[in-house]
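The structure appears below as structure tokens.
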Amino acid sequence: MDRNPSAGATPPSLSDVRVHRKLPSRMYALQVRAFIEAAEVVDADPDTIEDILDGFDEEVFVDDDDEEEADAQDAAVATVGDVERQLVEDAETEDDEFVQYLEEAETAWTKDEVRAMMIDLKENGMVHFVREYVVLRGIPISKLLYAFGICLCPELRVKNYKTLMYFLEVAMSRELQSREKLAKYNTVDDAVNLIKNSNRIIILTGAGISVSCGIPDFRSRNGIYALLQQKGEYELDDPQQMFDIHYFRENPAVFYSFASQIYPSNFIPSPCHRFIKLVEDKGKLLRNYTQNIDTLEVRAGVQKVLQCHGSFATASCINCHHHVPGVAIEDDILNQRRRQRKKTTKKKKNAAPWESDGEEEPDVPAYPPGIMKPDITFFGEKLTDDFDKALIEDRPLVDLLLVIGTSLKVSPVSEILTHLPHSVPQILINKTPVKHINPDIVLLGNADDIVQYLCHKLGWILPEPNLPLPSEPISTARPNIRKRPSARFDQEPRRVGNSHVWLFEGAEGGKWVEDLEQKYRDSSRSRPSTPSQVANGSANGDTIPLSKKQRTK
């Protein structure tokens with residue numbers, strides 16, 4: 001690929017780097033490490049990784065005794081000021097080429113320009129930012145990176161254009177993850193009003209909305225991954241291998257042993273699924289992005305739904321990609337029988353395209369290569385283009401984001417929050433806090449109870465679940481395994497200090513909530529009290545009861 005004409009000067013020889021440019025050499029190693037590690041979050045193809053490592057010899061540049069793991073995390077996103085301070089401490093680098101880049105960085109952008117660029121990025125997204133600043137304005141990527149506080153070392157400035165674009169994507173991704181909370185939204189009433197007044201709501205859902213149906217989630221202490229570890233029947237380095245495409249090809253038995261427990265025909269939609277349907281019926285749903293594979297949203301009647309990770313609705317042969325409806329292998333999934341794509345023979349003119357590997361075919365290996373797999377996106381497989389297309393369509397339209405029942409651990413779905421305009425309000429409904437995001441209102445507790453409480457406050461009536469008809473091909477439906485009574489509307493949620501966090505029944509906030517509570521308690525004690533503040537103590541949300549000793553202080 002052609003080099004970026006504005007990338008910079010040719011790097012010096014390795015001996016020059018080692019003798020005369022001690023710090024930039026170290027920065028080279030640190031930045032390489034950091035950009036390689038960033039590939040776990042920001043996709044980088046093998047060619048890009050190879051280009052980053054081209055010409056890099058870690059043993060030449062870095063002494064192990066002098067290297068700390070944390071430094072690698074900071075180097076790729078080191079601010080100009082941080083690097084400059086290090087240079088001042090090292091007299092050998094005062095006339096170095098790197099100093100020239102640092103001086104250039106100091107004057108490249110004004111604070112107002114940087115502020116405007118970051119707002120543009122957070123409101124309009126990466127694609128717009130690249131088109132505006134790289135394509136239309138023709139600004140060199142190395143100069144754009146200065147706006148993000150990144151000063152590339154000389155060795156990385158001469159990488160090919162595709163690699164430089166990857167560096168910019170890492171910088172943009174880091175900036176997008178630093179969303180600031182919208183200060184005007186804090187209370188449950190704010191959440192109710194947002195839902196009432198919004199007309200293009202994105203609802204992002206995860207396994208937590210199906211737990212009350214009897215479908216185990218993945219990461220909780222009673223989830224699928226924990227059960228796998230407890231059983232110890234399979235040699236798994238990580239329980240997530242259950243959904244790893246490479247492991248599935250070698251040993252599909254692990255997946256099929258649990259598939260029957262999460263197969264959708266066994267379950268009835270939860271209040272959360274019906275809440276999504278109600279939002280759609282009210283004409284307010286822009287789209288439901290679900291990470292779930294159980295299709296219970298569809299069973300609840302939701303039409304504007306995107307199953308980001310695929311579903312059991314269809315299945316395909318992992319060898320020839322022969323496609324069949326999901327119901328065609330339903331009986332085998334429920335009875336934990338593997339399905340093999342039948343080889344083309346002349347035995348029967350009207351033979352089925354696939355068949356069970358039963359006793360009549362003793363020559364079939366234990367794990368046949370042509371096994372049928374539900375069209376679920378496993379780790380190691382890319383999401384379909386439908387996800388990217390939908391997000392591009394929805395981004396300029398959305399006016400509210402509801403996140404329900406997900407820990408947001410799996411990308412790229414987890415990145416929806418950062419790629420939507422940061423001015424769009426965000427509400428999180430979950431059993432536990434999600435610490436790596438910054439939503440405007442956090443409602444912790446049983447998701448079903450919370451959505452029923454919101455419906456009560458909105459004056460909405462939650463629809464009854466759609467039970468399967470006798471004529472439907474799915475005949476194994478049964479009542480929810482774990483059913484809770486309807487939410488008690490006379491039991492109000494508790495606010496954590498004067499914060500945006502509210503606790504409902506079933507909340508598992510742990511130390512995170514305790515620390516937040518203590519923070520607001522300390523803040524309240526440090527502020528001078530006025531008669532009006534004391535009189536309105538309950539109205540301002542500080543619902544933490546004080547002991548008698550505290551009240552008399």
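Heavy-atom basis, side chains included; hydrogens, waters and symmetry copies ignored.
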Can you give me the closest heavy-atom contact between [X] and [Y], atom names plus distance?
X: C455; Y: F275; answer: SG-CD1, 3.6 Å
X: I52; Y: L156; answer: O-CD2, 4.5 Å
X: G301; Y: E280; answer: O-OE1, 3.7 Å
X: G405; Y: N430; answer: CA-OD1, 3.2 Å
X: N186; Y: R495; answer: CB-NH2, 3.7 Å
X: S270; Y: I209; answer: OG-O, 2.7 Å

With the side chain counted from C-beta on, respond yes when [X] and [Y] share a heavy-atom pair under 4.5 Å apart, and no when they do not.
X: V305; Y: V298; value: yes
X: F387; Y: V413; value: yes
X: P421; Y: R395; value: yes
X: W512; Y: V501; value: yes
X: L391; Y: I416; value: yes
X: L296; Y: N292; value: no
X: L176; Y: H422; value: yes
X: L121; Y: Y133; value: no

Hey, are [Y] and [X] close enough side-chain-wise for a donor-acceptor pair under 3.5 Å?
X: E297; Y: T290; answer: yes
X: Q177; Y: R174; answer: no
X: T406; Y: Q291; answer: yes
X: Y453; Y: E492; answer: yes
X: K304; Y: N288; answer: no
X: E123; Y: S423; answer: yes
X: Q452; Y: D448; answer: no

Open item on the list: Let's go through V398 and I201 carefully: what are the C-alpha distance in whole Å and the side-chain angles of both, what is the deciding distance for side-chain contact (heavy atoms from CB on, under 4.5 Å) to 0.1 Å, and is it a yes or a no?
Closed with: CA-CA 6 Å; V398 59; I201 303 173; over 6 Å; no

Open item on the list: For K389, is there an ion pair with D385 - N to carboxylate O distance below 4.0 angstrom?
Closed with: no

Would you list the atom pairs, donor with acceptor, under 3.5 Å between side chains in residues 166-173 and any protein atom, with sequence neighbours excluded?
| from | atom 1 | to | atom 2 | distance (Å) |
| --- | --- | --- | --- | --- |
| Y166 | OH | F35 | O | 2.5 |
| Y166 | OH | A39 | N | 3.1 |

Task: Residues M165, I141; criterion side-chain contact (heavy atoms from CB on, under 4.5 Å); working and verdict - done: CA-CA 7 Å; M165 281 298 301; I141 292 175; 3.5 Å; yes

Output all residues satisfying side-chain contact (heavy atoms from CB on, under 4.5 Å) with [X], sequence neighbours left out; order by chain, then residue number.
X: D386; answer: L306, T384
X: A116; answer: none
X: N193; answer: K196, N197

- [ ] Quick one: list whatever passes side chain to side chain donor-acceptor pair (under 3.5 Å) with D190, sequence neighbours left out.
- [x]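 Checked D190 against side chain to side chain donor-acceptor pair (under 3.5 Å); matches are T187.
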
I'd like to know if the side chain of [X] and the backbone of [Y] have a donor-acceptor N/O pair within less than 3.5 Å.
X: H273; Y: T295; answer: no
X: K431; Y: G506; answer: yes
X: Q303; Y: K277; answer: no
X: E132; Y: H128; answer: no
X: N446; Y: D449; answer: no
X: R200; Y: L397; answer: yes
X: S198; Y: I195; answer: no

Open item on the list: Between F267 and R299, is the side-chain contact (heavy atoms from CB on, under 4.5 Å) condition met? List the steps.
Closed with: CA-CA 10 Å; F267 306 101; R299 199 166 179 79; over 6 Å; no

Roughly how far, to the nearest 0.5 Å, is [atom2] of [Y] from [atom1] of [X]?
X: R494; Y: F504; atom1: CZ; atom2: CZ; answer: 12.5 Å
X: R274; Y: L462; atom1: CZ; atom2: CG; answer: 5.0 Å
X: L428; Y: L444; atom1: CG; atom2: CG; answer: 6.5 Å
X: I202; Y: L286; atom1: CD1; atom2: CG; answer: 5.0 Å
X: K284; Y: N199; atom1: NZ; atom2: CG; answer: 5.0 Å
X: I150; Y: S142; atom1: CD1; atom2: OG; answer: 11.5 Å

Task: F148 and M118: CA distance, side-chain angles, deciding distance, side-chain contact (heavy atoms from CB on, under 4.5 Å) verdict - done: CA-CA 9 Å; F148 294 89; M118 296 305 108; 3.6 Å; yes

Open item on the list: Applying salt bridge (Lys or Arg N to Asp or Glu O under 4.0 Å) as the test, list every pair that has at least one member in residues 432-445; sequence neighbours left out.
Closed with: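 Of all non-adjacent pairs touching residues 432-445, those that pass salt bridge (Lys or Arg N to Asp or Glu O under 4.0 Å) are R179-D440.
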
Open item on the list: Between K122 and E180, is the salt bridge (charged side-chain N to carboxylate O under 4.0 Å, His left out) condition met? List the steps.
Closed with: CA-CA 10 Å; K122 292 181 178 182; E180 294 182 8; 5.2 Å; no

